[in-house]
Amino acid sequence: MCGRYVLDNEGIIAFEKFARSEEAAGLIRPRFNIAPTQQAPVIVKAEDGGTPLLRMMYWGLIPGWARDASMAAKMINARGETLAEKPSFRGPFASSRCLVPASGFYEWRKDGTRKTPFYISRRDSPAFAMAGLFSHWRSPEGESRDTFTIITTEANAALAGLHERMPVLLEPGDWLRWLGAEPAPKEELQALLRPCEPELLGLREVSPRVNSPREDDAALLAPVGLGL
DNA sequence: CCAGACGTTGTT
DNA sequence: GTCTGG
DNA sequence: CCAGACGTTGTT
DNA sequence: GTCTGG
């Protein structure tokens, strides 16, 4: 699955030419432990069909029909295999797809009673885009909130030892079609929701300090067990 | 018809 | 909003 | 994902 | 153990 991830400075730079930001400059900053319910940058199609937009949204999708925000915490992932049918995701899949920029993500391996955190990133690139859905929600009190979820698929061979699920990583050549800036039939979009080649991924054990969502600095990525 | 759910992952 | 279960 | 709480009463 | 909050 994907329950924590990283977007470092190199990752931000990697998307600067693909998307333009309307957010205050300070909001888009390196993050080393993005956790559910926090705000994070996502990329959506521009209304005018031009350069895609990078905007901050809350992680945890609240469907437009929800009466309160209580669904958010459990809607951090959507199964790629079933999202076209689920009431909460069907609408967003049809009209509100997004990219979630990342440098890497964390997975916890269960060792008996203990859980050991690992950091997973790509060997071929400092950044990648995860497939996501977003939703614009308005509370009964009239407050607006933009939220998103990260799509998962079965884990590939690189991650099978850690988990059964992993986030969908989209190749740059598919980004515009996923966003809807280039036309694509539903079946074609669904076909993108599969695991990437295992050779593309590298992983390493990291400090248990990542367990705390409040820990958020570059030192979290230091490998452990190498006598450093 | 109305009421109630609407999700994922991991663990047993 | 829309589907399922009663 | 992990960390941390895990309650009731009365009032609006 | 299970739910909520971040």
Side-chain angles (χ1 to χ4, degrees), chain A residues 1-7 27 29 31-42 56-96 100 102-121 130-141 143-156 159-169 193 195 203-217 220-221 224:
Chain A
M1 74 170 314
C2 183
R4 298 282 183 90
Y5 68 97
V6 172
L7 179 62
L27 282 177
R29 66 185 193 285
R31 305 270 297 281
F32 296 91
N33 200 0
I34 298 172
T37 72
Q38 293 180 350
Q39 271 189 310
V42 304
M56 298 297 285
M57 297 192 189
Y58 288 89
W59 186 9
L61 186 144
I62 305 172
W65 41 260
R67 293 188 213 194
D68 58 57
S70 64
M71 292 191 76
K74 42 188 182 180
M75 307 287 269
I76 66 172
N77 293 126
R79 289 180 69 94
E81 297 93 326
T82 56
L83 49 68
E85 301 140 26
K86 299 289 183 183
S88 296
F89 300 135
R90 212 174 85 165
F93 177 54
S95 60
S96 305
V100 184
S103 303
F105 58 96
Y106 299 108
E107 297 281 9
W108 281 257
R109 185 183 68 193
K110 273 191 300 294
D111 307 308
T113 170
R114 293 198 175 163
K115 286 188 163 190
T116 308
F118 284 77
Y119 180 67
I120 298 99
S121 56
M130 299 186 284
L133 305 174
F134 70 96
S135 169
H136 182 75
W137 181 70
R138 195 176 171 80
S139 76
E141 293 75 30
E143 288 176 28
S144 279
R145 209 166 170 190
D146 290 310
T147 62
F148 71 97
T149 190
I150 295 171
I151 299 172
T152 64
T153 184
E154 59 186 321
N156 63 20
L159 299 185
L162 300 182
H163 266 275
E164 294 177 347
R165 308 289 300 174
M166 66 178 283
V168 171
L169 275 51
L193 306 179
L203 56 143
R204 64 165 183 267
E205 187 178 339
V206 291
S207 163
R209 289 204 300 118
V210 304
N211 290 359
S212 171
R214 303 186 58 169
E215 293 283 353
D216 181 8
D217 63 81
L220 290 180
L221 298 185
V224 301

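Letters A, B, ... are given to chains in the order of the sequence lines, protein chains preceding strands, and every chain is numbered from 1.
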Just checking [X]: base, sugar-phosphate only, or nothing, at a heavy-atom cut-off of under 4.0 Å?
X	result
A/S88	sugar-phosphate
A/L61	nothing
A/T152	sugar-phosphate
A/R79	sugar-phosphate
A/R214	nothing
A/P63	nothing
A/Y106	nothing

Decide whether A/T152 and A/R165 meet the rule of one side-chain donor and one side-chain acceptor closer than 3.5 Å. yes

Choosing from B/dC6, B/dT9, E/dG6, which nucleotide comes nearest the side chain of A/R165? B/dT9

A/M1, nearest nucleotide to its side chain (from E/dG6, B/dT8, B/dT9): B/dT9

Is there a Watson-Crick or G-U wobble partner for D/dC1 with both distances under 3.5 Å, and which nucleotide is it? E/dG6

Pairing check on B/dG7: which nucleotide meets the Watson-Crick or G-U wobble criteria with it, both distances under 3.5 Å? none

With a sphere of 6.0 Å drawn around CD of A/E164, does it hold more than 12 non-hydrogen atoms of other residues, nucleotides or ligands? no

Near-parallel close stack of A/W65 and B/dC6 base (under 5.5 Å, under 30°): yes

Protein-nucleotide distance ([X], atom [atom1]; [N], atom [atom2]), rounded to Å:
X	N	atom1	atom2	result
A/W59	B/dT8	CH2	P	15 Å
A/M75	E/dG5	CE	C1'	17 Å
A/Q38	E/dG6	CD	P	11 Å
A/W108	B/dT8	CH2	P	20 Å
A/K74	B/dA5	NZ	P	9 Å
A/I150	D/dC1	CD1	P	12 Å
A/M130	B/dT8	CE	P	17 Å
A/N33	D/dA3	CG	C1'	12 Å

Is any side-chain N or O of [X] closer than 4.0 Å to OP1 or OP2 of [N]?
X	N	value
A/K115	D/dC1	no
A/T82	B/dT8	yes
A/R90	C/dC3	yes

One should read off an interatomic distance between A/N77 CG and A/I151 CD1, to the nearest 0.5 angstrom, of 10.0 Å

Take atom [atom1] in [N] and the same atom in [M], then report the distance between them in whole Å.
N	M	atom1	value
E/dT4	B/dC6	P	13 Å
D/dT9	B/dC1	C1'	38 Å
E/dG5	D/dG7	P	12 Å
D/dT12	B/dC2	C1'	29 Å
E/dG6	B/dT8	P	24 Å

Determine the minimum heavy-atom distance between [X] and [Y], stating which atoms define it.
X	Y	answer
A/Y5	A/G104	CB-O, 3.3 Å
A/W59	A/P36	CE3-N, 3.4 Å
A/V210	A/P117	CG2-CB, 3.4 Å

Do the side chains of A/D111 and A/R109 get close enough for a salt bridge, i.e. N-O under 4.0 angstrom? yes

